[in-house]
Number of protein chains: 4
Amino acid sequence: MRKQGVIGKESRLRLLEAATQEFALNGFYQAKISSIVARAGVTQPAFYLYFESKEAAFAELIDGFRNGLIQVVRDSHIEAGKNRDDLKEAVVESLGQIYRYLGENPALTRIGLYQSAESVRIKAEIAGLMEQNLIAEQQAGYYRHDLDTVFFAEALLAIVERLTLIKLLPGHETPSKLARITQDLFFYGILDTKHRE
Amino acid sequence: MRKQGVIGKESRLRLLEAATQEFALNGFYQAKISSIVARAGVTQPAFYLYFESKEAAFAELIDGFRNGLIQVVRDSHIEAGKNRDDLKEAVVESLGQIYRYLGENPALTRIGLYQSAESVRIKAEIAGLMEQNLIAEQQAGYYRHDLDTVFFAEALLAIVERLTLIKLLPGHETPSKLARITQDLFFYGILDTKHRE
Amino acid sequence: MRKQGVIGKESRLRLLEAATQEFALNGFYQAKISSIVARAGVTQPAFYLYFESKEAAFAELIDGFRNGLIQVVRDSHIEAGKNRDDLKEAVVESLGQIYRYLGENPALTRIGLYQSAESVRIKAEIAGLMEQNLIAEQQAGYYRHDLDTVFFAEALLAIVERLTLIKLLPGHETPSKLARITQDLFFYGILDTKHRE
Amino acid sequence: MRKQGVIGKESRLRLLEAATQEFALNGFYQAKISSIVARAGVTQPAFYLYFESKEAAFAELIDGFRNGLIQVVRDSHIEAGKNRDDLKEAVVESLGQIYRYLGENPALTRIGLYQSAESVRIKAEIAGLMEQNLIAEQQAGYYRHDLDTVFFAEALLAIVERLTLIKLLPGHETPSKLARITQDLFFYGILDTKHRE
DNA sequence: AATGAATGAGAGTTCATTCAT
DNA sequence: GATGAATGAACTCTCATTCAT
């Protein structure tokens with residue numbers, strides 16, 4: 001794996017893209033190098049020109065996804081000092097960016113959120129980051145003070161994860177719509193207001 | 001696979017239990033027949049005395065789990081005519097039974113909810129059942145009428161799924177506690193009441 | 001690698017014998033499992049029924065050879081109290097047993113003395129054992145006191161090793177003849193007696 | 001492989017040196033072209049600019065070593081007409097030159113004496129040359145007339161070979177010391193003189 | 001009811017070598 | 001004079017499954 005020119009870079013990219021598809025479709029263990037290289041239009045040894053092993057290629061994909069997602073989640077923090085309507089819009093915007101990131105990388109999302117042992121760790125990490133945001137936002141007075149932020153964060157992640165899987169990735173809903181729905185559910189709860197009184 | 005006497009039944013059960021553990025631990029593809037029979041204390045051909053194939057054994061486990069879960073979710077329907085406090089308790093009780101079922105079958109739950117291609121179908125089915133309950137309960141006047149029951153059901157399932165994975169199965173929380181937390185989040189939402197006004 | 005009946009034991013032996021031939025002929029790295037199993041008349045996976053890996057099979061052969069040789073060399077120690085003629089016969093007998101062991105296991109000898117990284121270690125070990133014998137024999141007054149036993153042992157091993165390779169294994173000489181030649185060379189040196197004076 | 005200028009010559013030399021090290025360390029089959037070119041700081045195809053194949057490069061090294069060694073052994077012939085002390089010194093000097101040649105080319109020696117199928121042929125050749133010398137020396141009256149020169153030559157080579165491997169190449173002994181030890185062993189044999197009578 | 005023995009099919013990986021530039 | 005890129009051919013090892021007993 002020495003210096004690469006432009007052709008090598010291209011081959012590497014083709015392999016990476018092929019690997020993404022194959023891993024997303026079949027998961028790590030069922031994914032076959034032979035399928036990957038077939039998709040990429042090269043022979044098997046070419047794969048090892050650019051990646052140390054099946055594991056290494058997978059790790060590279062996972063890492064890219066993880067880093068991107070971490071960035072997006074970090075950036076989704078909402079600052080203090082907003083009024084109620086602005087808060088709502090900000091939350092929708094933040095969730096929208098997360099859904100957008102996932103929607104724009106459907107295969108990677110499949111790998112990173114659903115197809116690997118690492119996905120468990122990644123989701124734990126993301127839940128942690130989300131909780132940090134939520135804590136700050138709670139202190140900003142946006143959320144109930146009796147709210148357990150750990151569970152809140154896990155619940156938020158859970159919903160994002162599931163709606164992504166069944167609505168976003170198949171293309172049934174847009175990121176914005178999902179963001180609005182998620183925000184609505186969390187903001188107002190489910191109780192009928194008349195019944196509530 | 002002819003009719004079996006009592007000894008055969010025992011071996012079959014031991015194999016089934018061993019398979020449950022192995023599948024839960026490693027997933028379908030990584031599970032090895034050799035590990036299963038080692039756990040069960042029999043030889044490899046014995047496995048094929050009781051099961052047609054790896055797939056068949058897996059399907060049998062999945063089916064048992066699925067049927068049990070469907071039953072529990074069906075039974076978790078809440079009748080009309082309750083006042084607010086009774087509703088709350090009824091919801092907690094219903095969720096509690098679901099969490100209890102999952103918590104009592106940890107290995108099967110791992111297989112049925114997280115370890116297989118079937119889990120996607122199972123969860124879709126469960127979400128559907130949950131939605132039916134929710135629709136009836138919404139019509140009973142318990143929930144907001146503008147609530148989209150599809151998303152509500154998916155969100156509910158998502159949270160149950162995730163809290164089960166990270167809190168229930170590792171033994172960090174009891175089913176009752178999780179039921180209460182889930183109910184609280186959904187009933188009241190997250191907004192600070194002072195901020196709310 | 002579970003319990004084996006008589007058929008299994010036979011297959012194992014056939015594989016072991018085939019492996020011996022193949023390793024002797026080609027050395028560890030050039031030896032192919034496919035050749036071994038072909039010789040043994042089984043399929044490739046059968047090899048792994050009886051051996052953990054190529055390495056493990058090789059190690060088993062090496063170990064057997066090494067242990068046998070160590071035994072023979074240990075037993076070749078000559079007790080004190082012999083007169084000159086008896087000593088000579090005893091030495092010839094001892095060397096004869098070593099040559100005989102090597103000659104009776106030609107393939108193993110090839111592996112253990114010439115075909116592996118282990119052969120270096122084995123020979124070092126054998127040289128050490130030989131030296132222990134020589135030290136005792138030197139103290140019994142059989143050999144010159146100014147003789148460096150380390151070098152003597154190494155030289156003895158060297159000659160045995162080489163004569164085995166070029167005379168014994170190809171069948172050009174018998175163990176007894178080689179034993180006598182080796183003894184003669186060492187006992188009397190090379191100098192012409194007339195010239196010696 | 002056309003004619004080369006000065007730059008090409010340099011690369012070729014670097015490759016040859018790198019190949020020597022690699023072959024000495026790992027033997028022919030385990031040596032990798034990729035390692036050789038890495039050591040030499042060139043790319044893989046460059047190797048084939050200067051050598052037809054792995055085999056060809058190896059053969060070139062072997063040939064160099066073989067020719068050098070043949071020369072040294074030829075030159076180590078001792079003329080007739082020496083008295084006993086001069087003979088001793090001449091033998092020590094001759095052996096010293098052989099050990100010196102081997103010690104000065106440690107990597108090549110590893111390849112030529114221990115690491116190849118060719119080493120068998122080379123040693124046979126060397127033994128032959130040594131025997132020719134010994135025959136002449138025997139006829140000069142230096143050695144016993146009942147001495148079998150074939151075995152004597154093989155034994156001599158065996159000892160040189162082994163002491164080189166375990167004492168010279170690791171740097172534990174100098175060529176001169178080894179020459180003296182070798183000569184001593186052969187000249188006087190091992191018997192205790194008192195016991196001898 | 002169970003087992004010892006065996007296998008077909010296929011996986012990931014390695015390496016000497018070559019071609020176009 | 002040298003290189004980036006690629007490959008054919010091989011090899012070790014794994015696993016679900018079956019057959020004869």
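Since this is a predicted model, take the numbers as computed values, not measurements. Just so we're on the same page: letters track the sequence lines, and every chain starts at 1.
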Nearest-Å distance for atom pair CD/C1', residues C:Glu55 and F:dC11
12 Å
Can you tell me how far P of F:dT18 sits from NZ of B:Lys54, to the nearest Å?
14 Å
Touch check for A:Glu10, heavy atoms < 4.0 angstrom, all strands: base, sugar-phosphate only, or nothing?
nothing
Under a 3.5 Å limit for both distances, which nucleotide forms a Watson-Crick or G-U wobble pair with E:dA1, could you say?
none
Decide, yes or no, whether a salt bridge links C:Glu118 with C:Arg121 under the criterion of side-chain N to carboxylate O below 4.0 Å.
yes
In terms of the nearest nucleotide of DNA chain E, which residue is placed more toward the 5' end: C:Gly8 or D:Pro45?
C:Gly8
Charged N-O contact under 4.0 Å between B:Glu22 and B:Lys32
no
I need the CZ-C1' distance between A:Arg12 and F:dA6, as an integer number of Å.
16 Å
Partner lookup for E:dT14, please. Criteria are Watson-Crick or G-U wobble with both distances under 3.5 angstrom; report none if nothing qualifies.
F:dA9
In whole angstroms, how far is the P atom of F:dA5 from the CZ atom of A:Arg14?
12 Å
Less than 4.5 Å apart, side chain to side chain, heavy atoms only: is that true for B:Thr164 and B:Tyr101?
no
Given atom CG of A:Leu49 and atom C1' of E:dT13, what is their separation to the nearest angstrom?
13 Å
N/O (side chain, B:Tyr50) to phosphate O (OP1/OP2, E:dA2) under 4.0 Å:
yes
Which residue lies toward the 5' end of DNA chain E, D:Ala31 or A:Ser34, if each is placed at its nearest nucleotide?
A:Ser34
Using purine N1 to pyrimidine N3 plus N6-O4 or O6-N4 for Watson-Crick, or N1-O2 and O6-N3 for G-U wobble, each under 3.5 Å, what pairs with F:dC15?
E:dG8
Under-4.0 Å side-chain N/O to phosphate OP1/OP2 contact, B:Thr43 with E:dG4:
no
Could you let me know what F:dA2 is paired to, Watson-Crick or G-U wobble, both distances under 3.5 Å, or none if it's on its own?
E:dT21
To the nearest angstrom, how far is B:Tyr48 atom OH from F:dT18 atom P?
7 Å
Which heavy atom of C:Ser119 sits nearest to which heavy atom of C:Gly112, and what is that distance?
CB-O, 2.9 Å
Between C:Thr109 (side chain) and C:Asn105 (backbone), is there a donor-acceptor pair under 3.5 Å?
yes
When you match D:Gln44 and B:Tyr29 each to their closest nucleotide on DNA chain F, which lands nearer the 5' end?
D:Gln44
Whether D:Ser53 contacts E:dA16 is assessed here as follows: a side-chain N or O lying under 4.0 Å from the phosphate OP1 or OP2. Is that the case?
no
Could you tell me the separation between the CD atom of A:Gln30 and the C1' atom of F:dT14, rounded to a whole number of Å?
13 Å
Taking for each residue the nucleotide of DNA chain F bearing the nearest heavy atom, is the 5' side occupied by B:Ile33 or by C:Phe28?
C:Phe28
Could you give the CZ-to-P distance, from D:Phe47 to E:dC15, as a whole number of Å?
15 Å
